[in-house]
There are 2 protein chains.
Amino acid sequence: MYRIGELAALYDIKADTLRFYEKHGLLSPSSRSDSGYRLYNQDDSERLKFILRAKAVGFSLNDIADLLSIEVDKSNRACAEVKGLVDTKLEQVEAKLAELQHFATSLKSLSNTCCGGPDSAEHCSILEALESSEQHIIAKKEQHHFSHSGHKD
Amino acid sequence: MYRIGELAALYDIKADTLRFYEKHGLLSPSSRSDSGYRLYNQDDSERLKFILRAKAVGFSLNDIADLLSIEVDKSNRACAEVKGLVDTKLEQVEAKLAELQHFATSLKSLSNTCCGGPDSAEHCSILEALESSEQHIIAKKEQHHFSHSGHKD
DNA sequence: ATAAACCTTAGAGTTTAATCCAAGGTCAAG
DNA sequence: CTTGACCTTGGATTAAACTCTAAGGTTTAT
Ligand SMILES: [Zn+2]
Ligand SMILES: [Zn+2]
Ligand SMILES: [Zn+2]
Ligand SMILES: [Zn+2]
């Protein structure tokens, strides 16, 4: 049995974080002491490990709640559900990745054209690019014509 | 002269967004009508264009406020300042990119090991990987030993 | 003259994942 | 029996960028 501070120390997180997870339905201590202190057992600790691993691969706490609800009822749930959550998250991550790659490309172009010197920015190529839409400097975002189908972003 | 709804329509944003930018010091209409309506002129419109382009290359509104403060006083500011902002943002974008790439790699591994079928998830490899730290499935994050130097993340 | 569309304001709500605070109760050591 | 470390609660705050609401005033067209 761990008290909140002990479990937190074990995983290098704050006690506040554990209270936060509890408030959001991710992890509740299996018991309380006579004086009301939270007491976590080994199963609780394993569940926390699960949560932290899921976080480490990019799941939000809401996603993790979904994963856990499947996990505790594994035998009545399908692999397809689990894989669906992973694939949805992967799509989200790849979309964000594409956006950031676009940012990185544009920022590199901007950086490369600017002298970066101590002289007046009056003719700074970065400012000029932002003032007048110079398409060869600011990478154009690809125009996908997404059909507004039912899946949420 | 544009009223708020007209300017918003011109750039395909909401009138609310323009009020928000005003409240945050990014763009104020150069005048008001007798009845208090915001009136934006061509310069205001150009400034908005600048804001939206800066957003499109990944700058936050705070960053953009900095860029604008240089822009309006160009001749007394150095190229180095502008390039500094771009390079700082590029570093941030690349850090985030690395994190997301790590997520994507892990999620792909997880997805690949799971059959995704309609059968019980009792032996789902994804859940197993999250339960027991299988390092070959969940990519390990590289341990950079950042010195806690003065720059903010 | 009256409805529709538009505008005004201040302020609250959204999302994510905590982090911090205040006021107070508990526990072990000395 | 008192100090200090730890625990309890609810609620406020952070960052980012809007989005929405309520209650009311204005403009334009029929
Ligand atoms: Zn220069
Ligand atoms: Zn320059
Ligand atoms: Zn399977
Ligand atoms: Zn599976």
Side-chain angles (χ1 to χ4, degrees), chain A residues 1-29 31-40 44 48 51-68 88-89 92-93 95-96 99-100 103 152-153, chain B residues 1-29 31-40 44 48 51-68 88-89 92-93 95-96 99-100 103 152-153:
Chain A
M1 291 301 223
Y2 311 98
R3 290 197 310 194
I4 195 168
E6 289 165 353
L7 188 64
L10 206 55
Y11 290 97
D12 199 25
I13 61 180
K14 299 273 179 65
D16 268 340
T17 302
L18 287 172
R19 290 191 201 97
F20 179 80
Y21 287 172
E22 183 174 348
K23 189 158 57 181
H24 288 74
L26 292 175
L27 176 64
S28 297
S31 55
R32 294 280 183 140
S33 74
D34 290 348
S35 53
Y37 286 16
R38 289 166 177 81
L39 294 174
Y40 298 87
D44 299 332
L48 178 56
I51 292 167
L52 297 177
R53 283 198 203 105
K55 246 173 71 72
V57 301
F59 286 109
S60 72
L61 299 188
N62 272 336
D63 300 331
I64 294 172
D66 292 344
L67 278 173
L68 283 167
T88 298
K89 180 54 57 177
Q92 289 168 12
V93 166
K96 191 74 188 172
E99 187 187 19
L100 289 181
F103 288 165
K152 51 191 166 188
D153 281 342
Chain B
M1 292 301 223
Y2 310 99
R3 291 198 309 194
I4 195 168
E6 289 165 353
L7 188 65
L10 206 54
Y11 290 96
D12 200 26
I13 60 179
K14 300 273 177 67
D16 270 340
T17 302
L18 287 171
R19 290 190 201 97
F20 178 80
Y21 288 172
E22 182 174 347
K23 189 157 58 180
H24 289 74
L26 292 175
L27 175 65
S28 297
S31 55
R32 293 279 184 141
S33 75
D34 289 348
S35 53
Y37 286 15
R38 290 166 177 81
L39 295 174
Y40 298 86
D44 299 331
L48 177 57
I51 292 168
L52 296 178
R53 282 199 203 104
K55 245 173 70 73
V57 301
F59 286 110
S60 72
L61 299 188
N62 273 336
D63 300 331
I64 294 172
D66 292 344
L67 279 173
L68 283 167
T88 297
K89 180 53 57 178
Q92 289 167 12
V93 167
K96 190 76 187 167
E99 186 189 19
L100 289 180
F103 288 166
K152 53 190 166 192
D153 282 342

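Nothing here was measured: the structure is a model prediction, and the numbers come from that model. Lettering of chains follows the sequences in order, A, B, ..., and the numbering in each one begins at 1. Reckoned from all heavy atoms, side chains included, excluding hydrogens, waters and symmetry mates.
Remark: C1' of C:dC27 and CD1 of A:Ile4 are 17 Å apart, rounded to the nearest angstrom. We find that CZ of B:Arg19 is positioned 16 Å from P of C:dG11, with the value rounded to whole Å. When the C1' atom of D:dC6 is taken as reference, atom CE of A:Met1 falls 18 Å away, rounded to whole Å. Atom OH of B:Tyr40 is separated from atom P of C:dC7 by 10 Å (rounded to the nearest Å). Atom-to-atom, CG of A:Leu27 to C1' of C:dA18 comes out at 15 Å; the value is rounded to the nearest Å. As a whole-Å value, the separation of A:Leu52 CG from C:dA18 P is 9 Å. Rounding to whole angstrom units, CZ of residue A:Phe59 and P of C:dA17 are separated by 12 Å. We find that CG of A:Leu26 is positioned 9 Å from P of C:dA17, with the value rounded to whole Å.
Using a 4.0 Å cut-off, no side-chain N or O of A:Arg38 falls inside it from OP1 or OP2 of D:dC7. Between B:Asn62 and the phosphate of D:dA15, there is no side-chain N or O to OP1/OP2 separation shorter than 4.0 Å.
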- Take B:Thr88 and B:Gln92, measure what side-chain contact (heavy atoms from CB on, under 4.5 Å) needs, and give me the verdict at the end. CA-CA 6 Å; B:Thr88 297; B:Gln92 289 167 12; 3.6 Å; yes

- Item | Audit row: A:Lys96, A:Glu99, salt bridge (charged side-chain N to carboxylate O under 4.0 Å, His left out) steps and yes/no | CA-CA 5 Å; A:Lys96 191 74 188 172; A:Glu99 187 187 19; 3.3 Å; yes

- Task: At under 4.0 Å between heavy atoms, which parts of nucleotides 18-30 of chain D does protein reach? Answer with one letter per nucleotide, 5' to 3': B base, S sugar-phosphate only, - none.
- Result: BBB----BBS---

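The heavy-atom pair separating B:Ile51 from B:Ile64 by the smallest distance is O-CD1, 3.6 Å. Listed here is the closest heavy atom pair of B:Leu27 and B:Asp44: CD1-O, 3.6 Å. The shortest non-hydrogen separation linking A:Met1 to A:Ser31 is CE-OG, 3.3 Å.
A side-chain contact (heavy atoms from CB on, under 4.5 Å) with B:Leu48 holds for exactly one of B:Tyr2, B:Tyr21, B:Tyr40; it is B:Tyr21.
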